[in-house]
2 protein chains.
Amino acid sequence: MTDSPRPTPDRLRALPSRLLGFAALHGDRLVSEGLAAVGARKWHYPVLAALQEYGPASQAELSRRARIYRSDLVAVLNELADDGYVERTPDRADRRRNVITLTDRGRRRLDQLDGLIDTFQGELLAPLTADERDELVRLLTVLVAHHGERM
Amino acid sequence: MTDSPRPTPDRLRALPSRLLGFAALHGDRLVSEGLAAVGARKWHYPVLAALQEYGPASQAELSRRARIYRSDLVAVLNELADDGYVERTPDRADRRRNVITLTDRGRRRLDQLDGLIDTFQGELLAPLTADERDELVRLLTVLVAHHGERM
DNA sequence: CCGTAAACGTTAGTGCGACTAACACTTAGC
DNA sequence: GCTAAGTGTTAGTCGCACTAACGTTTACGG
């Protein structure tokens, strides 16, 4: 009763969902704290990047690209628009929609965040070799793709 | 201006911190929803498992093993004790401490949760081969170990 | 031996992200 | 033309990670 029954050796330490959780938490902290240092929040980067990569879009479309709920996107766009990184103009072809456009200022901001994000990924993956990083990304991509765009 | 400037191809989709986040979120959902089906919460399993693997412990010690804040552990232990899975007795050798002990009922509960957790890990890693699963666990373990027990 | 620092269990509270519900409005489809 | 669906928005819920503070008890250095 004072000792362990030693039935199954450390399941906890090798539990994938747990490992994923800890790693993700740490990655999130790196990104969130790093972006906070320049006055940006976690979701600014995905939104700006999605705009640059696929061009102007409605908020609903942007919400799918960046995988952020459209209700939460509102606040993010308010912040980005307040800082002039993004323009929100009504779509005259479909008056339900707004068209979100990346401004020049937003492009420069994105460049800045790009550099930071790169740094954070480097810190996060520091203990892995280049091959291991690629393999990790590959495995995670398979996982994420398999479990779908459910949101 | 109506088209994308195509400067850097999909950085978003290959961003490790993002992939980790999505994968972890999905794993968490599987576990949380699955455990909820039998009236357990996310933290019940790690606490019970840590108790079985390393034997009775104080709450502070348990908090380190299970990687849960000792302030949050209080509520978890209340629930586990209410259901008779765990006993909380004052430590007479060190009167600051409580000694948490796994009961027989707790052991049976842990067996049940063990089966469920195994199932969830299987679902989570479904698209990966056995080798890939091992490799993923290995890479994540390196990552988590490197970034330390900071909590 | 005493006084200060540290560890412990506990309570309360903060902040944030994921997610749901409902709304007014506009467009799409039978 | 009527209904169903999509859009932007507001408000609110829930759980988790995390901090602060407290009274109590033990450890430690002078």
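The chains referred to below are lettered A, B, ... by the order of the sequence lines, with proteins before strands, and numbering in each begins at 1.
- For the pair A/Arg67 CZ and C/dA18 C1', the computed distance is 13 Å after rounding to whole Å.
- At whole-Å resolution of the value, CZ in B/Arg92 and C1' in D/dT26 are 17 Å apart.
- Surrounding CD of B/Glu87 are at most 12 heavy atoms belonging to other residues, nucleotides or ligands under 6.0 Å away.
- As rounded to whole Å, 14 Å separates atom C1' of D/dC16 from atom CG of B/Leu73.
- OP1 or OP2 of D/dA17 has at least one side-chain nitrogen or oxygen of B/Lys42 nearer than 4.0 Å.
- Checked for salt-bridge contact, B/Asp111 and B/Arg108 miss the test: no charged N lies under 4.0 Å from a carboxylate O.
- In this structure, CZ of A/Phe22 is placed 12 Å from C1' of D/dC16, rounded to the nearest angstrom.
- Mapping A/Ser32 and A/Arg95 onto DNA chain C by nearest heavy atom places A/Ser32 closer to the 5' end of the strand.
- Between A/Arg88 and the options A/Val99, A/Leu80, A/Asn78, a side-chain contact (heavy atoms from CB on, under 4.5 Å) holds for only A/Asn78.
- Rounded to a whole Å, the CG atom of B/Leu62 is 18 Å from the P atom of C/dA7.
- Here the side chains of A/Val31 and A/Gln121 are in contact, with some heavy-atom distance below 4.5 Å.
- Rounding to whole angstrom units, CD1 of residue B/Ile68 and C1' of D/dA17 are separated by 10 Å.
- For B/Asp94, the side-chain contact (heavy atoms from CB on, under 4.5 Å) partners two or more places apart in sequence, or in a different chain, are B/Asp91, B/Arg96, B/Arg97.
- The salt bridge (Lys or Arg N to Asp or Glu O under 4.0 Å) analysis of residues 123-134 of chain A, with sequence neighbours excluded, yields the pairs A/Glu132-B/Arg138.
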>> Strictly under 4.0 angstrom, non-hydrogen atoms only: write out the protein contact profile of nucleotides 8-13 of chain C, one letter per nucleotide from the 5' end, B, S or -.
In response: BBBBB-

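- Distance, A/Glu33 CD to C/dG15 P: 16 Å, rounded to whole Å.
- The distance between atom OH of A/Tyr69 and atom C1' of D/dG8, rounded to the nearest whole Å, is 17 Å.
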